[in-house]
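Just so we're on the same page: letters track the sequence lines, and every chain starts at 1. Hydrogens, waters and symmetry mates are skipped; everything else that's a heavy atom, side chains included, is used.
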Number of protein chains: 2
Amino acid sequence: MSESRETIQPVFRALADPTRRAIIRMLAHGPRPIGEIASAFAMTRPAIAKHLAILRDGDLIIVEPKGRERINHFNPAALKAATDWLSYFDRFWDEKLEELKRLAEHKKGSS
Amino acid sequence: MSESRETIQPVFRALADPTRRAIIRMLAHGPRPIGEIASAFAMTRPAIAKHLAILRDGDLIIVEPKGRERINHFNPAALKAATDWLSYFDRFWDEKLEELKRLAEHKKGSS
DNA sequence: TTGACATGAAACCTTTTGGTTTCGTATAAA
DNA sequence: TTTATACGAAACCAAAAGGTTTCATGTCAA
C-alpha cells in the first residue's frame, strides 16, 4: 500500500537534480563517454561521475565498457516507475479541481 | 532548450522524498490539517511542517486557513509539469530499446 | 477571561549532497 | 616500451536536508 515498488526511490532521487536531468536529455540523443558529457557542463569530471553513479543507481543509464572508454546509454524504461506513480493521480483530477475552485471562490468572497 | 519551465525544479525536488510522496497520497484522498497528517507518521509535527513547506513551494498543496486550523489541499495540477517532462522521452522508447538489446547481445557473446 | 489547542517560527544538530583536488590504473598509440 | 589518455577512487569541504526541542501566538470553548 505504501509504495508500489521500492525501486521508485532511486528514480525520483535521480530526477531531483537539474544537472542529472540535463544529462538524461543529452544521453537520450545518443550514448556518450563520461569525458564528453563532462565537457558540456561547468563542473569537473569527478562531479559528473558522481551524478552518473546516481543515475546508474536508478537504472536510468547503462554502461558499456569499450576499450579505455565507458559509454553511457540512456535507459528510458526506468522512467516508467515514475510515470506510473504519477499517473495514479489522474483519477483525482476532476474531483480536486472542483474542491480547489470552491476554495478560491470563498477566498475571493472574504477579501 | 535547457528546461521547459523553471517551475519544474521545486516539483521534482518535492517528489524526491518518500515522506512527501506519502503525504501527497494521503491528501489526495481528502484535505487535512497538519496535526492529523503528523499523527500518521513517526516524526514530529515541525518535521511534517517543513515537508509541507516544500510541497507548497512546488505548488503541490494549497492551504486553506480555517479558524485555528490550516487545511492542506492536494493540487494535482502541479504534477503536470513532471508528467510533461517525463512524457518527452516516450519517443525515444523504441529506438533505445533496440540499442540496449544489441548491447545485451554483445555482452552475452563476450562472457 | 482563562485555559486548552492548533499551529508557526527559531535555534540547533547530524547526515547527505554536490562539488573539489589529488592520485592510481588500464588501454591506445607513438 | 614509453607516453598520453580516459577513467575510477579516495579524501576532503561547504552547504543543504531532514530531523529535534523550545517558545510564541491566535483562536475556540468554558
With A:Asp84, which residues qualify under side-chain hydrogen bond (donor to acceptor under 3.5 Å, both in side chains), at least two apart?
A:Lys80
Within this structure, what is the CG-to-P distance between A:Asn72 and D:dA6, rounded to whole angstrom?
15 Å
Show every donor-acceptor pair shorter than 3.5 Å between a side-chain atom in residues 37-58 of chain B and any protein atom, with sequence neighbours excluded, or say none if there are none.
unit_1	atom_1	unit_2	atom_2	d
B:Ser39	OG	B:Glu36	O	2.8
B:His51	ND1	B:Arg20	NH1	3.1

Under-3.5 Å N/O pairs linking protein and nucleotides 15-18 of chain D:
unit_1	atom_1	unit_2	atom_2	d
D:dA17	OP1	B:Arg13	NE	3.3
D:dA17	OP1	B:Arg13	NH2	3.3
D:dA17	OP2	B:Arg13	NH2	3.2
D:dG18	OP1	B:Asp17	OD2	3.4
D:dG18	OP2	B:Arg20	NH1	3.1

Sub-4.5 Å side-chain heavy-atom contact between A:His29 and A:Leu27
no
For B:Ala82, which residues count as a side chain to side chain contact (heavy atoms under 4.5 Å, CB included) partner, sequence neighbours excluded?
A:Leu86, B:Val11, B:Phe12, B:Leu15
Pairs touching residues 87-99 of chain A that satisfy salt bridge (charged side-chain N to carboxylate O under 4.0 Å, His left out), sequence neighbours left out:
A:Lys96-A:Glu99
How are the rings of A:Tyr88 and A:Phe92 set to each other: parallel, tilted or perpendicular (split at 30° and 60°)?
perpendicular
Readout for nucleotides 3-9 of chain C: B = base within 4.0 Å of protein heavy atom, S = sugar-phosphate only, - = neither; 5' to 3' it is -BBSBBB
Sub-4.5 Å side-chain heavy-atom contact between A:Arg21 and B:Gln9
yes
D:dT20 phosphate, OP1 or OP2, under 4.0 Å from B:Thr44 side-chain N/O
yes
Do B:Ile24 and A:Trp85 have side chains that approach each other closer than 4.5 Å (heavy atoms only, starting at C-beta)?
yes
Does A:Ala42 or A:Gly67 map to a spot on DNA chain C nearer the 5' end, using the closest nucleotide for each?
A:Ala42
